Amino acid sequence: MSTDSLVKPSFSPEVSPELLLKTPLHDLHVELGARMVPFAGYSMPVQYPQGLLAEHLHTRASAGLFDVSHMGQLRLMGPDAAAALETLMPVDVMDLPAGSQRYGLLLNDAGGIIDDLMFFNRDLANGGDLFIIVNGACKAGDIAHIQQQIGARCDVIPMPEMALLALQGPQAVTALRRLAPGADKLVFMRGGRFMVAGCDCFVTRSGYTGEDGFEISVHASRAEALARALLAQPEVRPVGLGARNSLRLEAGLCLYGHDIDTTTTPVEAALTWAIQKVRRAGGARAGGFPGAEKILSQLADPATLTRKRVGLVALERIPVRDHTPLQSPDGTPIGEVTSGLPGPSINQPVAMGYVSPAFAAIGSRVLAIVRGKPVPMEVRAMPFVPARYFRG
């Protein structure tokens, strides 16, 4: 499997290098020999000299360090912040305990997904804040949307001075324990403030690879020192965006702009697990979010759906790429692949996409049309690789 066959996260069109933003780790990436590409308006490392396949497998076996500083960080402050944020998302914000993190979805009035995000309660009730991480390509729009919608109810404070690193893999905890004693006691989706290699950081036990790991928010001025300290650990190697894409696909995790966007609802996208009971029909705070009527209707009657996101495995060793048309066995168009790559961990091509509900059941057979030829695929449960989050 060539590493080039893995590089398909649809990086940004060619942009004049002088117009690209740089993360605080840009010079370190260049020093490490990274191949830099435009992504979300930034110059970002797609891979290092060892190559995507080696980076992917190393993360699954040991620990990989990712620069995700292109992502947006912001915080909400004020006694009404949680209630205000709930008006933008179909998730339970108000009952999230201090010290905990949750996945969220910003919605438009049609129930489409403006962005997916992570939010963390940093003791909001006692003068702290809600800390939010949004996707890099969406961050300007997200911050403007949040400010416009709820800026009168709470303080919306962007944090462009912060960098973000992700340390992922089964040995991430071993490496971090040496530099931040006590951080290893965190469990999945919990976090706190730690000194990591002498740097003041906010650390959560989370990530987007399906592996155990940590995301570390640090001031931009300390990011390179932190990255070098982490890379000095024997378990850790640098990993680029290419392997991050293949890792998240194997984990069954959506990539915004590919698998979810403003035209997909959380129900179509099979993200109903992110809608807590309190926001559903009969819940104490049911509805009250954009597109609620449509989404609650889809939850109540799945027969109203016209498509559903599913996992797919190719039954031949032919990679199936994004935007590949999907057909029923008799040749009827039924949907499209939204993400597709070779699956290095299972040595089979994997994909996700949207299909007509009649073909969404596990075990259904469909055809992907690759360069005019049908490739048989089977609907499989996701994740394709078992998640290894540390829950204690």
Side-chain angles (χ1 to χ4, degrees), residues 8-10 89-91 103-116 135 137-138 245 248-275 279-281 287 289-315 319-341 343 349-370 374-384:
K8 291 289 179 182
S10 288
M89 305 196 297
V91 304
Y103 179 76
L105 298 161
L106 285 177
L107 301 181
N108 61 27
D109 289 337
I113 301 170
I114 295 171
D115 199 9
D116 61 340
N135 283 302
C138 304
N245 189 48
R248 70 89 197 166
L249 177 54
E250 287 186 343
L253 300 171
C254 293
L255 177 63
Y256 190 82
H258 290 238
D259 312 301
I260 51 176
D261 58 29
T262 54
T263 72
T264 53
T265 72
V267 186
E268 293 171 335
L271 295 173
T272 56
W273 55 267
I275 306 175
R279 306 303 307 278
R280 299 187 184 209
F289 52 85
E293 183 177 354
K294 179 177 183 178
I295 289 169
L296 294 178
S297 174
Q298 289 180 338
L299 283 169
D301 185 7
T304 61
L305 293 178
T306 59
R307 58 178 178 167
K308 188 174 181 181
R309 182 176 66 94
V310 297
L312 297 160
V313 172
L315 303 180
V320 178
R321 303 296 186 185
D322 308 7
H323 306 302
T324 298
L326 295 171
Q327 297 181 358
S328 67
D330 68 4
T332 303
I334 58 166
E336 184 181 79
V337 169
T338 52
S339 289
L341 287 169
V350 296
M352 63 174 75
Y354 286 82
V355 298
S356 302
F359 294 89
I362 301 300
S364 298
R365 294 290 180 94
V366 303
L367 298 174
I369 307 305
V370 179
V375 176
M377 303 194 82
E378 183 173 288
V379 175
R380 297 274 179 89
M382 293 184 285
F384 301 108

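Everything numeric here is computed off the predicted structure, so don't read it as measured data. Count residues from 1 along the sequence.
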Between [X] and [Y], what is the shortest heavy-atom contact and its length?
{"X": "Val91", "Y": "Arg279", "value": "O-NH1, 2.8 Å"}
{"X": "Phe384", "Y": "Ala351", "value": "CZ-O, 3.2 Å"}
{"X": "Val267", "Y": "Gln298", "value": "CB-OE1, 3.4 Å"}
{"X": "Thr265", "Y": "Ala110", "value": "CG2-O, 4.4 Å"}
{"X": "Val379", "Y": "Phe359", "value": "CG2-O, 3.4 Å"}
{"X": "Gly340", "Y": "Val337", "value": "N-CG1, 4.1 Å"}

With heavy-atom distances below 4.5 Å as the criterion, would you say the side chains of [X] and [Y] are in contact?
{"X": "Leu341", "Y": "Pro349", "result": "no"}
{"X": "Glu268", "Y": "Arg309", "result": "no"}
{"X": "Val370", "Y": "Val320", "result": "yes"}
{"X": "Pro290", "Y": "Asn108", "result": "no"}
{"X": "Ile113", "Y": "Leu107", "result": "yes"}
{"X": "Leu271", "Y": "Asp116", "result": "no"}
{"X": "Leu367", "Y": "Pro376", "result": "yes"}
{"X": "Leu296", "Y": "Phe289", "result": "yes"}

If you round to the nearest 0.5 Å, how far is [atom2] of [Y] from [atom1] of [X]?
{"X": "Ile369", "Y": "Glu336", "atom1": "CD1", "atom2": "CD", "result": "12.5 Å"}
{"X": "Thr264", "Y": "His258", "atom1": "OG1", "atom2": "NE2", "result": "12.5 Å"}
{"X": "Leu253", "Y": "Asn245", "atom1": "CG", "atom2": "CG", "result": "11.0 Å"}
{"X": "Leu106", "Y": "Tyr256", "atom1": "CG", "atom2": "OH", "result": "9.0 Å"}
{"X": "Thr332", "Y": "Gln327", "atom1": "OG1", "atom2": "CD", "result": "7.5 Å"}
{"X": "Leu249", "Y": "Cys254", "atom1": "CG", "atom2": "SG", "result": "10.0 Å"}

### Message
Run Arg248 and Ser339 through side chain to side chain donor-acceptor pair (under 3.5 Å) and show every step you take.
### Response
CA-CA 10 Å; Arg248 70 89 197 166; Ser339 289; 2.8 Å; yes
### Message
Keeping Thr338 on the side-chain end and Met352 on the backbone end, is there a donor-acceptor pair under 3.5 Å?
### Response
yes
### Message
Treating Asp259 as the side-chain partner and Leu255 as the backbone partner, does any N or O pair qualify as donor plus acceptor under 3.5 Å?
### Response
yes
### Task
In sequence, state the C-alpha distance, the side-chain angles, and the governing distance for Val310 and Val366, and then conclude on side chain to side chain contact (heavy atoms under 4.5 Å, CB included).
CA-CA 11 Å; Val310 297; Val366 303; over 6 Å; no
### Query
Can you check side chain to side chain contact (heavy atoms under 4.5 Å, CB included) on Leu326 and Leu312, steps first, answer last?
CA-CA 11 Å; Leu326 295 171; Leu312 297 160; 3.8 Å; yes
